[in-house]
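Residue numbers start from 1 in every chain, and the chains themselves are labelled A, B, ... in the order their sequence lines are given, proteins ahead of strands.
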Number of protein chains: 2
Amino acid sequence: MVSETSLPEILRARGLRLTAQRQLVLEAVHELGHATPEQLHAAVREVAAGVNITTIYRTLELLEDLGLVTHTHLSHGSPTYHPVSEDQHAHMVCRQCGAVSEVEPELLAPLAEELRRQRGFEVDIGHLALFGTCGECG
Amino acid sequence: MVSETSLPEILRARGLRLTAQRQLVLEAVHELGHATPEQLHAAVREVAAGVNITTIYRTLELLEDLGLVTHTHLSHGSPTYHPVSEDQHAHMVCRQCGAVSEVEPELLAPLAEELRRQRGFEVDIGHLALFGTCGECG
DNA sequence: CTAGGTGCAAATAGTTTGCAACTAC
DNA sequence: GTAGTTGCAAACTATTTGCACCTAG
């Protein structure tokens, strides 16, 4: 499992620098679980007020490139970022109430397998969002 | 099946007006199959040059409300609209080459069934996007 | 010291809104 | 005639870029 601990090494291996901002953004992604750049910015600011939103965007792009975080598009608007270290899971979004819940990867495995076999398509389960209506709202 | 033919009636039933713009946008959605507001605007403009992008947005919202079209978020950026009359289908987007292909609803039926049973969640299959890597790029 | 990183301001893309002019009915 | 509709300009939100200054190594 890739964790925050490895950030310094991963950066060093690429000749990149470890900065407070990068640590804070990665920590915030872990803390919040699923968060938009805006939300991460707010979280980081509570610790380091001067951090610019631009840096959040640049850092998220970097962390994603380094394989430490990914993002998904849940509904409209901003993407949400989460750690890749977490169990791969899909999201289920209710269009009525906006509730987001997680879908266990086991449920998706057969579909993923089918697509791989039939089409040679490798589904990224962590980047999957199912829209619909939840039990409460249905 | 709801088709373009019913637009006048559906509008009338709500006390709304049938305009050239509305017909053109709906036709464009049918013609293009999956298109962003931008692309639909371009298509409509080929027939009626004066139509404003604002009208495209407003009309898509209306048509969606009327149940004639839906939209999905394929990858980043703009949503893509398509007719609801078409067979419900999901989309498969390759993150390398950007290719979009359709996934037959049969493949998704078991998953949808499972979620309905276990969680009472009604998945909107037409609004589903699977991201990953296609055979060519893998 | 110096390449990489950050903050700030400005640019850009996508979408929404206010309002006066227009038109379907 | 009149309520619904449109076009235009301006506002907004989310994101990206250019650039001078700063700092980790």
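Atom CZ in Arg45(A) sits about 12 Å away from atom C1' in dC8(C), given to the nearest Å. If you take CZ of Arg14(A) and C1' of dA24(D), they are 18 Å apart, rounded to a whole angstrom. When rounded to the nearest whole Å, the span between CG of Leu40(A) and C1' of dT15(D) equals 15 Å. In this structure, Ile56(B) places its CD1 atom 16 Å from P of dT5(D), rounding to the nearest Å. One interatomic measurement links the two molecules: CG of Leu7(A) to P of dG5(C), which rounds to 11 Å at whole-angstrom precision. In this structure, the CG atom of Leu60(B) is 15 Å from the C1' atom of dT5(D), given to the nearest Å. Distance Ile10(B) CD1 to dG4(D) P: 19 Å, rounded to the nearest Å. A straight line from CG of Leu26(B) to P of dT5(D) spans 15 Å, rounded to a whole angstrom.
Summary of the strand contacts: Leu16(B) and Ile53(A) both lie near DNA chain C, and taking for each the nucleotide with the nearest heavy atom, the more 5' one is attributed to Ile53(A).
Around atom CD of Glu136(B), no more than 12 heavy atoms belonging to other residues, nucleotides or ligands sit under 6.0 Å away. Residue-environment remark: CD (Glu64(B)) exceeds the threshold of 12 foreign heavy atoms within 6.0 Å.
Here dT16(C) is the nucleotide among dG4(C), dT6(C), dT16(C) with the atom lying nearest to any side-chain atom of Thr54(B). The nucleotide whose nearest atom lies closest to any side-chain atom of Pro37(A) is, among dT15(D), dT6(D), dT23(C), dT15(D). For Asn52(A), the side-chain atoms get nearest to dC8(C) when compared with the rest of dT15(D), dC8(C), dG25(D). Counting only heavy atoms from C-beta on, Thr19(A) has its side chain closest to dG5(C) among dG5(C), dT15(D), dT6(D). Side-chain proximity of Glu38(A) to dA14(D), dG14(C), dT5(D): nearest is dA14(D). If you check dT6(D), dC8(C), dG25(D) against the side chain of Arg58(A), the one that comes closest is dC8(C). Relative to the side chain of Val51(A), the nucleotides dG7(C), dA3(C), dT15(C) differ in distance, and dG7(C) lies closest. When the nucleotides dT15(D), dG4(C), dT15(C) are ranked by their closest atom to the side chain of Tyr57(A), dT15(D) comes out on top.
Between Gln21(B) and dT23(C), a side-chain N or O to OP1/OP2 separation shorter than 4.0 Å is absent. Distances shorter than 4.0 Å separate some side-chain N or O of Arg22(A) from OP1 or OP2 on dT6(C).
Side chains of His89(B) and His82(B): no donor on one and acceptor on the other come within 3.5 Å.
In the hydrophobic clustering of this structure, Phe131(B) does not group with Leu128(B); members are Ile, Leu, Val, Met, Phe, Trp, Tyr whose side-chain heavy atoms approach within less than 4.5 Å, directly or through other members.
Here the closest heavy-atom approach between residue Pro83(A) and residue Gly33(A) is recorded as CD-O, 3.7 Å.
For Arg17(A) against dT23(D), a side-chain-to-base donor-acceptor contact under 3.5 Å is present.
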